[in-house]
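Working notes, structure below.
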Amino acid sequence: MRGPNSTSSLIASGQFVIRIGPFSIRIHSAIPSVQQGIIELYSAYAILPPDTFCDFYVRLIQPAGVRRFFRKQVLFAFDQFIPFKPLPYVQAFPFFEWGLNWCISGYSHRFLIIHAAVVERNGKALILPGAPGAGKSTLCAALINNGWRLLSDELTLVDRATGYVVPVPRPVSLKNESISVIGDTFPFCQFSPVVHDTLKGSVCLMKPPSESVSKADQTALPCLVVFPKYRAESSLSLSAVPKAEAFMRLADLSFNYSVLGAQGFETMLGLVNSCQAYDFIYDGDFNHASDLFVQLLDDVR
């Protein structure tokens with residue numbers, strides 16, 4: 001077990017291997033904002049020996065030529081492949097998070113992967129699917145500061161063999177108004193610097209609770225699927241979603257449902273049959289929302 005100083009030194013060396021949920025990630029970057037972001041937000045994660053077999057090898061690097069100095073840019077590389085156009089240099093740390101999402105969602109087909117946040121309480125998982133802007137990350141951030149365990153902010157990984165949700169806890173991505181909502185409500189949390197003018201607007205990342213990281217090997221039984229929608233100055237609203245409709249909506253939000261073919265269908269069917277599904281409109285009353293979800297989970301047998 002390395003101490004914090006030796007871990008920081010290893011990260012500052014520019015190449016290291018970190019364990020994130022079921023994945024070993026080799027990270028290579030000399031960019032200070034990437035190194036500092038990982039030191040601050042990934043301090044609870046295990047740093048593995050350099051010769052560890054890795055699921056992904058990612059690099060955050062600067063392009064060659066004038067862009068190293070004039071209107072500086074950053075590239076995300078996966079193995080020797082560069083899948084995206086360069087972004088402004090100031091966006092390097094969020095680019096790492098976005099790129100890692102792409103790696104996991106595109107290459108981890110031992111799981112059914114759904115675009116959804118997911119949290120756990122008493123061994124039962126609450127899945128919060130949604131398109132960007134639905135408010136799932138805001139609600140997820142509030143719940144994990146209200147006694148829930150973070151399994152994932154962006155990617156729900158359903159083990160095709162067991163049907164359980166496999167945790168991959170990482171920093172929670174917050175955008176635009178959500179940054180101040182969560183920052184004002186939970187000022188004790190640790191956040192990365194806000195980066196403005198990205199394709200998603202203003203973004204920052206919230207450090208996950210260390211307990212969620214330490215329990216990343218503990219899977220959870222999916223029991224609830226809640227499709228959230230944030231609406232300011234509205235009252236809480238919960239309405240049941242039929243299982244057939246929930247299946248189709250989850251399939252639409254899955255990154256690899258069609259890739260998995262019949263196995264994807266069977267895994268999704270098992271997930272939907274094990275869960276109650278609801279539409280949920282909320283207005284920022286996070287305590288009430290948490291209490292409601294606890295009651296729903298308690299009713300699951």
Side-chain angles (χ1 to χ4, degrees), residues 20-22 108 110-130 134-170 172 186 206 208-229 236-247 249-251 253-254 257 264 266-282 285-301:
I20 304 176
S108 302
R110 66 184 186 272
F111 306 109
L112 175 68
I113 306 175
I114 300 168
H115 186 201
V118 57
V119 294
E120 174 270 343
R121 197 152 182 147
N122 298 325
K124 300 175 182 178
L126 160 63
I127 298 172
L128 301 165
K136 69 181 186 332
S137 292
T138 308
L139 187 55
C140 174
L143 291 174
I144 63 176
N145 284 294
N146 226 322
W148 296 74
R149 175 166 68 104
L150 174 67
L151 303 188
S152 179
D153 163 48
E154 285 284 342
L155 305 174
T156 295
L157 308 183
V158 183
D159 189 313
R160 294 196 285 112
T162 67
Y164 276 62
V165 176
V166 175
V168 57
R170 291 166 50 208
V172 176
F186 306 102
M206 186 187 81
S210 57
E211 184 178 8
S212 296
V213 178
S214 67
K215 293 182 176 180
D217 60 340
Q218 298 181 20
T219 59
L221 176 68
C223 293
L224 282 178
V225 174
V226 173
F227 298 91
K229 182 65 178 178
L236 288 182
S237 172
L238 186 76
S239 56
V241 175
K243 288 187 181 294
E245 180 182 343
F247 185 107
R249 289 163 70 174
L250 288 171
L253 290 167
S254 173
Y257 171 77
E266 293 296 335
T267 305
M268 186 69 78
L269 183 62
L271 172 68
V272 170
N273 283 337
S274 70
C275 294
Q276 297 297 316
Y278 299 91
D279 279 319
F280 178 63
I281 297 173
Y282 72 102
D285 187 345
F286 299 122
N287 289 330
H288 192 175
S290 178
D291 291 344
L292 176 61
F293 297 151
V294 169
Q295 181 179 349
L296 290 173
L297 278 184
D298 285 344
D299 290 340
V300 174
R301 298 291 179 234

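In what follows, residues are counted from 1 in the order of the sequence shown.
Within the 4.5 Å cutoff, no side-chain heavy atoms of Leu157 are placed close to those of Ser152. Between His288 and Leu236 there is a side-chain heavy-atom pair separated by less than 4.5 Å. Within the 4.5 Å cutoff, the side chain of Leu139 has no heavy atoms near those of the Val226 side chain. Between Ser212 and Glu120, the closest side-chain pair of non-hydrogen atoms is not below 4.5 Å. Two residues are said to be in side-chain contact when any heavy atoms from C-beta on lie closer than 4.5 Å; Leu155 and Phe111 fail this criterion. Counting heavy atoms from C-beta outward, Met206 and Ile144 have side chains that approach closer than 4.5 Å. In this structure, Arg121 and Leu126 have side chains that are not in contact, with every pair of non-hydrogen atoms separated by 4.5 Å or more.
Between the side chain of Lys136 and the main chain of Ala117, no donor-acceptor pair closer than 3.5 Å is present. Between the side chain of Ser254 and the main chain of Ala251, no donor-acceptor pair closer than 3.5 Å is present. When atom types are taken as modelled, the side chain of Glu211 and the backbone of Val213 share no donor-acceptor pair closer than 3.5 angstrom. A distance-only check finds a donor-acceptor pair linking the side chain of Arg149 to the backbone of Lys215 [under 3.5 Å]. For Lys124 (side chain) and Leu297 (main-chain N/O), a donor-acceptor pair under 3.5 Å exists by modelled atom type.
Considering only residues two or more places apart in sequence or on other chains, Asn287 meets the side chain to side chain donor-acceptor pair (under 3.5 Å) condition with Asn146. With sequence neighbours excluded, the residues forming a ring-ring contact (aromatic ring centres under 6.0 Å, His included) with Phe280 are Tyr282, Phe293, listed by chain and number. In this structure Arg170 satisfies the side chain to side chain donor-acceptor pair (under 3.5 Å) test together with Glu97, Asn101, sequence neighbours excluded.
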### Task
Go through Val241 and Val225 one step at a time and tell me if the side-chain contact (heavy atoms from CB on, under 4.5 Å) criterion holds.
CA-CA 9 Å; Val241 175; Val225 174; over 6 Å; no
### Thr156 vs Val165, side-chain contact (heavy atoms from CB on, under 4.5 Å): CA-CA, chis, key distance, verdict
CA-CA 7 Å; Thr156 295; Val165 176; 4.2 Å; yes
### Query
Run the side-chain contact (heavy atoms from CB on, under 4.5 Å) check on Thr138 and Phe286 step by step: do they pass?
CA-CA 10 Å; Thr138 308; Phe286 299 122; 3.9 Å; yes
### Message
Run Asp159 and Thr219 through side-chain contact (heavy atoms from CB on, under 4.5 Å) and show every step you take.
### Response
CA-CA 9 Å; Asp159 189 313; Thr219 59; over 6 Å; no
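Closest approach of Pro222 to Ser274, counting heavy atoms only: O-OG, 3.2 Å. In plain terms, the two heavy atoms of Pro129 and Ala116 that are nearest each other are CA-CB, 3.4 Å. Nearest heavy atom pair, residue Asp279 against residue Arg249, reads OD1-NH2, 2.6 Å. Nearest heavy atoms, Pro167 versus Pro22: O-CD, 3.3 Å. Across Phe186 and Ala142, no two heavy atoms sit closer than the pair CE1-CA, 3.6 Å. Nearest approach of Val119 to Leu150, heavy atoms of both residues: CG1-CA, 4.5 Å.
How far CG of Leu250 is from CZ of Phe227: 4.0 Å, rounded to the nearest 0.5 Å. Between Ile114 atom CD1 and Leu128 atom CG the span is 11.5 Å, to the nearest 0.5 Å. To the nearest 0.5 Å, atoms SG (Cys223) and CG (Asp299) are separated by 11.5 Å.
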